[in-house]
Amino acid sequence: MTDWIDIGTLADIPQRGARTVQIAGEKEIAVFRTGDDHVFALVNECPHKKGPLSQGIVHGYSVACPLHNWNIALKTGEAQGNDEGCTPTIAVREEGGRILIARPASLKAAA
Amino acid sequence: MDFQNNGPETASEEQLFVPSEDVREHLVVVGNGMAGCRAVEELLARDKHRYRVTIFGAEPYVNYNRIMLSPVLAGEKSFDDIIINSRDWYSDNNIELIAGDPVTAIDRAAKTVTSQSGRTVGYDKLLIATGSDPFIIPVPGKDLPGVISFRDMKDVDTMLAAADKGGNAVVIGGGLLGLEAAHGLTLRGMKVTVVHLMDSLMERQLDEAAAWLLKSALEGRGQTILTGANTEEIYGDGKVEGVRLKDGTEIPASLVVMAVGIRPSTALAREAGLEVNRGIKVDDHMVTSDPDVLAVGECVEHDGNVYGLVAPLWDMCRSLADGLTDRHTGYRGSVTSTKLKVAGLDVFSAGDFSGGEGCEDIVLRDASRGVYKRVVVKDDRIVGAVLYGDTVDGGWYFDMLKKQEDVAEIRDLLIFGQAFASGGGALDPKAAVAALSDDAEVCGCNGVSKGQVVACIEAGNCSLDAVRATCKASASCGSCTGLVENLLAVVLGDDVQSGPKTLCKCTSFTHDDVRREIVAQNMRSIPEVMQLLHWSTPDGCSSCRPALNYYLLCALPGEYQDDQQSRFVNERMHANIQKDGTYSVVPRMWGGLTNPRELRAIADVVEKYDAPMVKVTGGQRLDIFGIKKEDLPAVWADLNAAGMVSGHAYGKSLRTVKTCVGSEWCRFGTQDSTGLGVKIERMTWGSWMPHKFKIAASGCPRNCAEATIKDFGVVCVDSGYELHVGGNGGIHVRATDLLCKVTTEQEAMDYCAAFIQLYREEARYLERTAPWIERVGVDYVKQRIVEDEAGREALRSRFLYSQSFSQEDPWAQRAAGADAELHQPLEPIAIAAE
Ligand code: SRM
Ligand SMILES: Cc1cc2nc3c(=O)[nH]c(=O)nc-3n(C[C@H](O)[C@H](O)[C@H](O)COP(=O)(O)OP(=O)(O)OC[C@H]3O[C@@H](n4cnc5c(N)ncnc54)[C@H](O)[C@@H]3O)c2cc1C
Ligand code: SF4
Ligand code: FES
């Protein structure tokens with residue numbers, strides 16, 4: 001059983017950009033939209049020094065962290081290249097043009 | 001038109017031979033479309049006599065090929081050409097067709113269906129194949145006459161009737177269906193505008209690069225394509241007269257085609273109490289939650305997936321017929337591929353290109369042929385492909401994708417296609433080029449053969465760059481770079497010299513090559529540069545995107561549409577990001593001068609927004625730290641109100657102009673260095689540059705403003721102004737070179753403008769003036785700025801022209817509400833449990 005949270009439409013997120021979502025009691029979430037309109041959600045914290053990933057440059061299926069330019073894979077949250085670390089990902093789905101993300105708390109409960 | 005004579009096809013019971021004592025199980029099919037009839041065909045092929053079959057169809061026709069409605073609209077086919085099963089097929093197989101009479105209810109307890117005309121028929125097995133309903137966006141005017149969808153023959157008839165009268169049509173939706181409708185209507189003589197909500201066409205099937213090529217080609221055919229366009233209203237008095245967009249644009253039209261998507265047609269099943277999610281839920285044998293009711297086609301949901309293409313239906317129908325005849329093979333889902341059916345435009349896409357861990361893109365771009373190919377490989381298996389311009393290998397890639405074939409062996413040649421990769425067993429790219437004949441053409445742009453390239457290498461050109469410079473191979477579009485590199489390796493072995501550094505890993509070109517080609521080929525957008533210069537990634541990386549954005553901005557002042565998403569966060573937010581994710585804000589203080597009003601405004605901001613620190617910077621102004629992203633627009637509005645604008649402390653742009661007190665007050669001052677500094681800052685602020693740029697003006701050689709470690713420095717002397725260039729504090733301190741001495745303030749300003757423009761046009765992105773001057777030599781700069789008077793004047797006026805577009809305060813725009821969403825989190829609006 002997953003709680004899904006409706007966060008808006010694709011058009012609310014800039015292409016090759018991101019928006020954030022704040023849910024009481026949870027870490028801020030970054031929701032990314034790629035150049036070909038896939039949507040991914042990650043905790044808005046770089047595994048390096050917690051840089052706000054939502055502010056980075058989105059290229060392909062990665063985001064370059066705005067603080068020290070680590071590249072993070074949007075699908076897995078994994079740092080790429082020689083860097084090591086991983087940011088938690090959040091499930092996303094689209095329904096009737098709306099974007100839904102899994103409520104992080106219920107994810108934890110399910111795990 | 002011939003198909004109109006074909007008329008409604010209602011076969012009454014008397015017309016068909018149905019043995020009255022037929023005791024076979026009765027299969028009733030709801031939906032005379034592609035899946036329903038295919039399922040019956042598959043069934044007949046397995047066991048011709050097992051079931052008695054009755055088919056209900058809402059449309060008044062025999063079974064036709066829906067996907068061919070596009071060629072019918074385009075005038076390439078007639079309705080007769082697209083009939084799949086004529087009346088003879090129904091009668092030959094004793095199938096009763098009840099066409100033009102939709103089923104309106106299913107009674108599962110009584111095992112009957114009832115149609116609109118009131119006919120009730122009993123079944124042993126029921127097959128629902130109702131397809132999809134077009135999605136109609138709920139805007140005012142959606143029900144006006146002249147607003148239609150594109151789903152069936154009736155819609156095509158309406159479009160043809162409208163096209164006969166000519167005029168304008170609007171197609172809402174730039175997906176496969178919308179573009180095919182637009183194409184047909186264009187061929188039929190209408191002036192067509194495509195209105196697409198997303199930023200790129202066919203965004204589900206194509207990546208940005210392919211979508212850009214497609215858009216350019218369609219525009220070349222006279223269509224108007226509006227992307228990122230949101231429909232607000234369809235207007236008209238009694239019938240459609242046009243479409244109004246959210247931004248206020250009005251597009252007159254006598255016909256509006258809505259092609260924004262489809263929804264599985266599930267109402268009938270839902271009312272009958274069958275389990276329905278997005279589609280009617282079925283198992284691997286197409287059986288619904290009722291064992292006697294099956295469903296197939298676009299109306300079903302299998303394993304969480306619904307499909308909108310025909311290929312999956314064929315697989316479903318096979319499993320369904322197997323199930324009905326007691327062979328339980330089972331359906332396992334489908335991978336799909338798409339081809340656009342627009343004559344002369346070859347577009348293919350398949351599988352998943354959502355990348356992720358372990359995914360690798362192989363990209364080939366051939367600008368001279370207008371070709372773009374991208375194959376996504378994961379763990380040595382193809383997982384997705386997008387092809388534009390040359391789709392002959394689409395089937396080959398798709399086949400390997402479906403079979404999950406290991407492509408490790410042919411990995412290096414994969415992108416060149418089947419003929420190359422499986423030709424002659426030459427699997428090593430070096431062996432493949434070695435095997436080419438001497439007269440084989442290597443570089444299509446410059447007509448250079450392999451023999452000529454080899455001769456050029458043997459004559460002592462041992463690097464890619466040397467080959468490019470000498471025999472021109474790979475010097476234009478670069479698509480043969482790989483071939484030339486392999487030839488170098490074949491001829492020289494380990495003696496190949498590596499050339500200058502490329503712009504980034506996405507391209508084999510250097511910064512200078514890219515800049516030159518942008519101007520020479522008059523390129524106008526980032527996707528265009530990537531296509532014409534054969535980028536090896538679909539949309540670049542965080543190194544090349546900001547560089548390309550700058551190069552285009554510099555080449556096309558006032559015309560280029562800045563790409564915010566290609567800018568580093570500071571330039572996107574107009575503030576400096578801090579280690580904790582807050583921002584620092586530095587308002588401009590012209591020449592380091594300030595006044596009580598500005599100081600008060602800064603003090604108020606510090607208090608009002610709880611800024612933890614305010615500091616005097618090394619650049620003679622004040623920096624307010626710790627401002628939250630959400631508060632930035634309000635902070636800027638407050639500073640604007642006191643007359644202050646952005647200080648660009650965040651930008652690859654003019655930073656500060658430091659001044660000293662000068663002749664106005666200082667006992668040594670020779671000229672008004674303060675006033676000059678302010679004038680220079682007013683002239684230069686807001687300009688985008690390859691890197692940050694700092695200026696200073698000192699009133700005498702004591703040089704209190706440190707002008708000799710600035711990018712451009714002025715040291716005033718009794719007889720005029722010494723102009724210094726290329727200084728740098730920072731990591732490697734470099735004192736300036738003296739450019740020249742001038743006598744008037746105006747000249748100092750003019751030389752400054754010309755110098756900045758030369759730097760803007762010729763330095764590489766992220767190269768400050770100091771390393772740039774060391775690279776090109778101060779004599780070169782003197783020759784361009786001091787000796788060439790006409791050249792200096794031209795540079796100066798180009799700078800001032802470009803400044804006429806960049807001196808709008810970005811803070812004021814944001815404070816007034818522009819891009820507000822960049823500062824606000826999304827609002828989670830509803831919580832849906834599942
Ligand atoms: C605020 C300030 C320090 C201060 O408190 O005085 C400052 C702060 C930063 N400097 Fe600086 N520099 C500041 C004056 C200087 C100066 C002195 C000057 O301009 O007279 C220099 C040496 C002169 C020069 O640039 O040649 C200077 C040389 C650098 C460098 C090294 C540049 C180089 O070419 O080697 C960097 C790193 C870079 O740009 O890549 C840098 C980068 C930075 C960054 C932007 C680091 C970063 O990327 O986040 C700091 C931003 C802090 C912030 O959020 O505001 N800062 N920085 C000064 C702002 C001036 C202003 O009003 O805009
Ligand atoms: C213009 C166009 C171009 C296309 N091009 C392509 C393409 O290039 N490639 C591709 O793979 N796919 C293409 N498609 C999609 C393809 O046509 C569909 O995937 C396919 O037709 C789906 O088959 P179906 O049997 O599920 O639905 P349909 O073919 O729509 O059949 C459903 C039938 O059921 C009837 N029906 C609905 N409700 C009832 C009821 N209550 N009682 C009786 N009858 C009912 C409908 O009238 C319809 O005739 C295209 C579609 C269109 C419209
Ligand atoms: S000197 Fe270093 S720490 Fe200090 S402001 Fe400049 S970049 Fe930051
Ligand atoms: S915090 Fe992201 S790279 Fe350092």
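What you see below is based on every heavy atom in this structure, not just the backbone, and it leaves out hydrogens, waters and symmetry mates. Lettering of chains follows the sequences in order, A, B, ..., and the numbering in each one begins at 1. Please read these numbers as outputs of a predicted model, since none were measured by experiment.
- The distance from the CD1 atom of A:Ile5 to the CD atom of B:Glu827 is 12.5 Å, given to the nearest 0.5 Å.
- Proximity to chain B involves both the backbone and the side chain of A:Pro66, based on heavy atoms less than 4.5 angstrom apart.
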Criterion side-chain contact (heavy atoms from CB on, under 4.5 Å) on A:Lys50 and B:Asp580, from CA distance to verdict: CA-CA 8 Å; A:Lys50 305 195 173 171; B:Asp580 64 353; over 6 Å; no
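- The backbone N or O of A:Val58 sits less than 3.5 Å from a side-chain atom of B:Arg545, completing a donor-acceptor pair.
- Shown here is A:Glu84, whose CD atom has no more than 12 heavy atoms of other residues, nucleotides or ligands within 6.0 Å.
- In this structure, the side chains of A:Asp6 and B:Pro828 stay at 4.5 Å or more apart for every pair of heavy atoms.
- Using a 4.5 Å cut-off between heavy atoms, B:Gln564 makes no contact with chain A at all.
- For B:Thr537, no part sits under 4.5 Å from any heavy atom of chain A, backbone or side chain.
- Of the listed residues (B:Cys541, B:Pro538, B:Gly581), the one with the most heavy-atom contacts under 4.5 Å to chain A is B:Cys541.
- B:Asp207 contributes no side-chain N or O that, together with a main-chain N or O of A:Asp36, makes up a donor-acceptor pair within less than 3.5 Å.
- Heavy-atom distances place the side chain of A:Leu67, and not its backbone, under 4.5 Å from chain B.
- Per-residue counts of heavy-atom pairs under 4.5 Å with chain B were compared for A:Asp37, A:Leu74, A:Asn71; the largest is that of A:Asp37.
- Residue B:Asp563 touches chain A through its side chain alone, counting heavy-atom pairs closer than 4.5 Å.
- Pairing each heavy atom of A:Gln22 with each of B:Pro825, the nearest pair is OE1-CG, 3.6 Å.
- The heavy-atom pair separating B:Asp539 from A:Gly35 by the smallest distance is OD2-CA, 4.0 Å.
- Of the two parts of A:Asn44, neither the backbone nor the side chain holds a non-hydrogen atom closer than 4.5 Å to a non-hydrogen atom of chain B.
- Side-chain atoms of B:Leu826 and A:Asp12, non-hydrogen and from C-beta on, do get closer than 4.5 Å to each other.
- Ion pair A:Glu94/B:Arg204 flagged as a salt bridge, since at least one NZ, NE, NH1 or NH2 atom sits closer than 4.0 Å to an Asp/Glu carboxylate oxygen.
- Residue B:Met198 comes nearest to A:Leu10 through the heavy atom pair CE-CD2, 3.3 Å, listed as atom of the first residue, atom of the second, then distance.
- The local environment of NZ in B:Lys246 is crowded, with over 12 non-hydrogen atoms from other residues, nucleotides or ligands closer than 6.0 Å.
- A salt bridge links A:Arg16 and B:Glu208; the closest N-O separation between the charged side-chain nitrogens and carboxylate oxygens is under 4.0 Å.
- A:Ile57 places none of its side-chain heavy atoms less than 4.5 Å from the side chain of B:Ser566.
- Side-chain contact check for A:Gln15 versus B:Gln565: every heavy-atom pair is 4.5 Å or farther apart.
- Between B:Leu822 atom CG and A:Ser54 atom OG the span is 10.5 Å, to the nearest 0.5 Å.
- At least one donor-acceptor pair under 3.5 Å links the side chain of A:Arg19 to the backbone N or O of B:Glu821.
- With a 4.5 Å cut-off on non-hydrogen atoms, B:Arg263 touches chain A through its side chain but not through its backbone.
- A:Gln55 places a side-chain heavy atom less than 4.5 Å from the side chain of B:Tyr583.
- Summarising the local packing, CD of B:Gln561 is surrounded by 12 or fewer heavy atoms from other residues, nucleotides or ligands at distances under 6.0 Å.
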